[in-house]
Protein chains: 2
Amino acid sequence: MARMTPPERRAAIVAAALEVMLHKGIAATTVRDVADRMGTSSGLVHHYFASMDDLLAAAFEQAATADLAVTTAAVEAQTGPVERLRAFFATYARAEQDWAFQLWLDAWAEAARRPTLRETSQRLNVKWQQVLAQCIRDGVAAGAFVCPDPDGAAWRILSLLDGLALQSVAHRVPIDRAAVITWSAGFAEAELALPAGALAGPAGPASVTAAAAAAATPAAGRAAPRRPG
Amino acid sequence: MARMTPPERRAAIVAAALEVMLHKGIAATTVRDVADRMGTSSGLVHHYFASMDDLLAAAFEQAATADLAVTTAAVEAQTGPVERLRAFFATYARAEQDWAFQLWLDAWAEAARRPTLRETSQRLNVKWQQVLAQCIRDGVAAGAFVCPDPDGAAWRILSLLDGLALQSVAHRVPIDRAAVITWSAGFAEAELALPAGALAGPAGPASVTAAAAAAATPAAGRAAPRRPG
DNA sequence: GCACCTGTTGCGCAGGTGTCCAACAGCGAT
DNA sequence: ATCGCTGTTGGACACCTGCGCAACAGGTGC
């Protein structure tokens, strides 16, 4: 194969590993799979990564960091505290994330047995919580809402979002994402002492707003996603 | 090895498979592991299970069904609708479930690639939802609470519980389970138009009640679990 | 022209995998 | 005593795994 500079080759290997991991699963990804996808030899992979675990961890870390960066950027693009929260929910539930969440799910399950992966997964989880907690702290400082425990609230809200994503991906439950957003926002409002519906206003993508309005139900004054019962 | 009647042997294989799955992970469980644990030959396993997938699915199904039975029994031991809901939350968050939830996590991740496992996991998930939904429906019929969409509410509450368990198991976040119960109950109260604190009353185990009271915070009138920020 | 460096190759090794199968052991029926 | 049935054995089969290593290639400095 064509010669590459070390950083390029390293990035290429990580990219190839990521593609394989996504549709074969982390546990089932092999060195030869990665090499074949690049059209190179398996030895080359080991020239850049001491062990298979290192490669898997590096690939997952890159994907996870990229996910976080997208959300962070979307949040920071907004100025008001409420708008920032809306942006957080919208990117977390964005449609393209189904395949990405399967990767997270794999990583969480695998984390119990792979220390490197666990360390990465824990670290990223904390970072995600910090982004949300900072949103909340800023809002509290600006007087937009009240929250006695921003870290705890961020943790609880994230748990809820992950639980919903779990249902969607693991159980293949079709979900109205706009409804998820507004429903989760309802919980967040309770956490932040916001009036009901305060977070359900106009969000980033126009479709989100429209669908949210359509999904609105009289019960508890907030929209609720359904699973086909 | 000693001769067994077919049902006995089948049960023994499933039990052995379960033990291996629990501390090696579903993906890493091999036929020889299972045979070794029983002290028999690998060929015997294949005499009872056509393929490895069949064995894994059968073992997971047994464990999952047992989990569900425990919760169902705890719920049906109570008579009042509110007491039944309390029992549901208490058994879902019971302490011994950490290792069990790791098995669920494995199954969910593996479900994407193993059709038999996915089918089982989906079916059990629906059953769990039905138990909770029936609790809600009974309560509505008895006039204990109001809920326009019992199936949807059950699904949302379960998503939340799974999300919290995910944080606890995958990220190794130590959780005050009693606080989780009361906090989740807070969400449930909103879903069911119950007054705040209605579900936080005396539950099955005495320790739960005591801890819940101790964890109660003035904010929003309900206890909230924290993660170490 | 040469030596050197480094990305790259292709294969070998030792081990582990699911699956299959011929042979064996114990027991009930004949 | 013999036959047949069935639970059980232990190993063969083909394949795949991560990893290591000797050899190669193509460019750079001398």
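Note that the structure is a prediction, hence the values are computed from the model and not measured. Just so it is clear: chains get the letters A, B, ... in the order the sequence lines come, proteins before strands, and each one is counted from 1.
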K.L.:
Estimate the overall bend of the helix from C:dG1-D:dC30 to C:dT30-D:dA1 from the end axes over five pairs each, rounded to 10 degrees.
P.N.:
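Inter-axis angle at the termini of the helix from C:dG1-D:dC30 to C:dT30-D:dA1: 20°.
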K.L.:
Using atom CZ of A:Arg114 as one end and atom C1' of D:dG18 as the other, report the distance to the nearest whole Å.
P.N.:
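Distance check: A:Arg114 CZ to D:dG18 C1' gives 11 Å.
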K.L.:
Could you work out, with salt bridge (charged side-chain N to carboxylate O under 4.0 Å, His left out) as the rule, every residue matching B:Asp36, not counting sequence neighbours?
P.N.:
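B:Asp36 satisfies salt bridge (charged side-chain N to carboxylate O under 4.0 Å, His left out) with no other residue.
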K.L.:
Walk along nucleotides 16-23 of chain C from 5' to 3' and tag each nucleotide B, S or - by protein heavy-atom contact under 4.0 Å, base first, then sugar-phosphate.
P.N.:
-SBBB---
K.L.:
In whole angstrom, what separates A:Asp36's CG from C:dC11's C1'?
P.N.:
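It is 15 Å, rounded to the nearest whole Å.
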K.L.:
Among residues at least two apart in sequence or on other chains, which ones pass side chain to side chain contact (heavy atoms under 4.5 Å, CB included) with B:Ala165?
P.N.:
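If we apply the side chain to side chain contact (heavy atoms under 4.5 Å, CB included) test to B:Ala165, skipping adjacent residues, the hits are B:Phe101.
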K.L.:
Using atom NE2 of A:His47 as one end and atom P of C:dC5 as the other, report the distance to the nearest whole Å.
P.N.:
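It works out to 14 Å between those atoms.
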K.L.:
Just by distance, no angles: are the side chains of B:Asp162 and B:Tyr92 close enough, under 3.5 Å, to form a donor-acceptor pair?
P.N.:
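Yes, because at least one side-chain N or O of B:Asp162 sits under 3.5 Å from a partner of the opposite role on B:Tyr92.
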K.L.:
By the salt bridge (charged side-chain N to carboxylate O under 4.0 Å, His left out) test, which pairs, at least two apart or in different chains, include something from residues 121-135 of chain B?
P.N.:
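For residues 121-135 of chain B: B:Glu61-B:Arg123, B:Glu119-B:Arg123.
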K.L.:
For residues 12-33 of chain A, which residue pairs pass the side chain to side chain donor-acceptor pair (under 3.5 Å) check, not counting sequence neighbours?
P.N.:
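Residue pairs passing side chain to side chain donor-acceptor pair (under 3.5 Å), neighbours aside: A:Glu19-A:Arg37, A:Lys24-A:Asp33, A:Thr30-A:Asp33.
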K.L.:
Any ring-ring contact (aromatic ring centres under 6.0 Å, His included) involving residues 44-65 of chain B? Give me the pairs, sequence neighbours left out, ordered by first then second residue.
P.N.:
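Those involving residues 44-65 of chain B are B:Phe60-B:Trp104.
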K.L.:
With sequence neighbours excluded, tell me which residues meet salt bridge (charged side-chain N to carboxylate O under 4.0 Å, His left out) with A:Arg118.
P.N.:
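Applying salt bridge (charged side-chain N to carboxylate O under 4.0 Å, His left out) to A:Arg118 gives none.
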K.L.:
Nearest-Å distance, CE (B:Met4) to C1' (D:dT6)?
P.N.:
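From B:Met4 CE to D:dT6 C1': 16 Å.
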K.L.:
Tell me every residue that passes salt bridge (charged side-chain N to carboxylate O under 4.0 Å, His left out) with B:Asp53, counting only those two or more places apart in sequence or in another chain.
P.N.:
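Partners of B:Asp53 under the salt bridge (charged side-chain N to carboxylate O under 4.0 Å, His left out) test: B:Arg114.
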